[in-house]
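These values consider heavy atoms only, across backbone and side chains, with no hydrogens, waters or symmetry-generated copies.
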Amino acid sequence: MLVCPNCNHPNPDGAVQCEACYTPLPTTSNCPSCGATVQADAAFCGQCGYNLHATTAAAVAPTVAPEIPLEVQPSATPDPLLELLRPDPSGVGGTPNSQPAPSPLPPTAVAAPPESSTPPEPPPTIAAPPEPVAPPEPVAPPEPIAAAPEPVAPPEPVASAPEPVATSATVARTQLQQVTARLVHVQSDRQIELPQSLSVIHIGKQNDRIPPDVDVSGFTNSEIVSRIHADIRVEGDAHYIEDVGSSNGTYINNLPLLPGNRHRLRPGDRISLGKGDMVTFLFQIS
């Protein structure tokens with residue numbers, strides 16, 4: 001069942017336009033779990049509740065770039081500014097063109113590398129676990145106070161029951177029960193009342209498969225009408241007509257009714273069985 005996005009009218013599966021407001025219906029697909037027909041933009045299946053976006057989300061895998069450690073190569077060229085700021089071991093300031101003072105260390109001694117100026121990172125502090133909070137003590141419920149007995153009033157006289165008032169729902173049900181639909185043959189002005197006890201009314205000619213409820217064999221130009229031509233479906237107080245694969249088609253108000261689509265009949269609609277408007281009926285409700 002396809003629901004119209006414009007008027008929320010339920011339409012049969014496979015319909016391309018809304019039968020109530022003629023709005024184009026969205027495309028459909030099949031549920032991968034149960035095979036039911038669902039709309040292409042639906043998030044869950046209406047039959048089994050399957051998540052239709054699960055397969056799309058599973059197909060897209062997160063891409064994580066590997067972490068590549070970056071190695072910083074030490075600079076081979078010494079910084080001249082650091083050379084100027086380095087203290088002279090002889091105690092005499094030199095110039096950029098002066099020769100470096102000889103090292104006071106013996107030839108076999110190796111100078112220790114300068115200590116890093118970066119202070120060592122302090123050890124991580126471990127937060128102490130929170131102290132458990134004692135549960136609150138239960139509060140004793142207050143003692144009930146006995147209420148004073150209320151005085152008993154004398155019984156009131158019983159009034160007669162009011163007469164039922166007719167509501168709008170009662171009037172609507174009465175009107176619904178009195179609705180009678182009929183087809184008026186335009187060429188002969190003959191009236192055919194639709195049976196109220198049937199939910200599906202077959203229109204056609206005598207055949208061995210589905211006997212027609214509205215037989216047009218006796219009307220003029222009935223040779224253009226198929227034996228199984230069209231159906232009128234009754235749903236509450238609404239009547240819908242659909243073509244069931246006739247040879248010459250069905251036309252509503254001179255517009256062709258596509259196979260598989262339903263049209264909600266309204267009083268005064270013109271129904272033509274076949275081309276040329278040769279077998280025509282008017283839909284009426286009283």
Under the ring-ring contact (aromatic ring centres under 6.0 Å, His included) rule, what pairs show up with a residue in residues 264-283, not counting sequence neighbours?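 Qualifying pairs: His185-Phe281, Phe219-Phe281, His239-Phe283.
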Considering residues at least two apart in sequence or located in another chain, which fulfil the side chain to side chain donor-acceptor pair (under 3.5 Å) criterion with [X]?
| X | answer |
| --- | --- |
| Glu235 | Arg262 |
| Ser272 | Asp277 |
| Ser217 | Asp215 |
| Arg190 | none |

Partners passing side-chain contact (heavy atoms from CB on, under 4.5 Å) against [X] (at least two apart in sequence or in another chain):
| X | result |
| --- | --- |
| Gln284 | Arg182, Val184 |
| Arg266 | His263, Arg264, Asp269 |
| Ser33 | Cys31, Cys48, Tyr50 |

Quick check on the hydrophobic clustering: are [X] and [Y] connected, directly or via other members, by side-chain heavy-atom contacts under 4.5 Å?
| X | Y | result |
| --- | --- | --- |
| Tyr251 | Ile224 | no |
| Ile228 | Val216 | no |
| Leu273 | Met278 | yes |

With sequence neighbours left out, what residues match Arg233 under salt bridge (charged side-chain N to carboxylate O under 4.0 Å, His left out)?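 Partners of Arg233 by the salt bridge (charged side-chain N to carboxylate O under 4.0 Å, His left out) criterion, ordered by chain and then number, come out as Glu242.
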Suppose the criterion is salt bridge (Lys or Arg N to Asp or Glu O under 4.0 Å): which pairs have a residue in residues 191-201, not counting sequence neighbours? none
Enumerate the salt bridge (Lys or Arg N to Asp or Glu O under 4.0 Å) contacts for residues 25-36, please, sequence neighbours excluded, ordered by first and then second residue.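 Pairs touching residues 25-36 that pass the test: none.
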Check against side chain to side chain contact (heavy atoms under 4.5 Å, CB included), Arg270 and Thr280: CA-CA 7 Å; Arg270 191 179 184 92; Thr280 310; 3.5 Å; yes
Rounded distance (nearest 0.5 Å) linking atom [atom1] of [X] with atom [atom2] of [Y]:
| X | Y | atom1 | atom2 | value |
| --- | --- | --- | --- | --- |
| Ile252 | Leu265 | CD1 | CG | 6.0 Å |
| Thr250 | Leu257 | OG1 | CG | 6.0 Å |
| Ile210 | Asp208 | CD1 | CG | 11.5 Å |

With heavy-atom distances below 4.5 Å as the criterion, would you say the side chains of Thr180 and Leu194 are in contact?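 A side-chain contact under 4.5 Å is absent here.
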Do Pro259 and Val244 have side chains that get closer than 4.5 Å, going by heavy atoms? no
Measure across Leu282 and Gly268 and return the closest heavy-atom pair with its distance rounded to 0.1 Å.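 Heavy atoms only, the tightest pair is CD2-O, 4.3 Å.
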Of all heavy-atom pairs between Asp243 and Gly249, which one has the smallest distance, and what is that distance? OD2-C, 3.6 Å
May I have the list of side-chain donor-acceptor pairs in residues 197-205 shorter than 3.5 Å, sequence neighbours left out?
| residue | atom | partner | partner atom | Å |
| --- | --- | --- | --- | --- |
| His202 | ND1 | Asp231 | OD1 | 2.9 |
| Lys205 | NZ | Ser222 | O | 3.1 |
| Lys205 | NZ | Val225 | O | 3.0 |

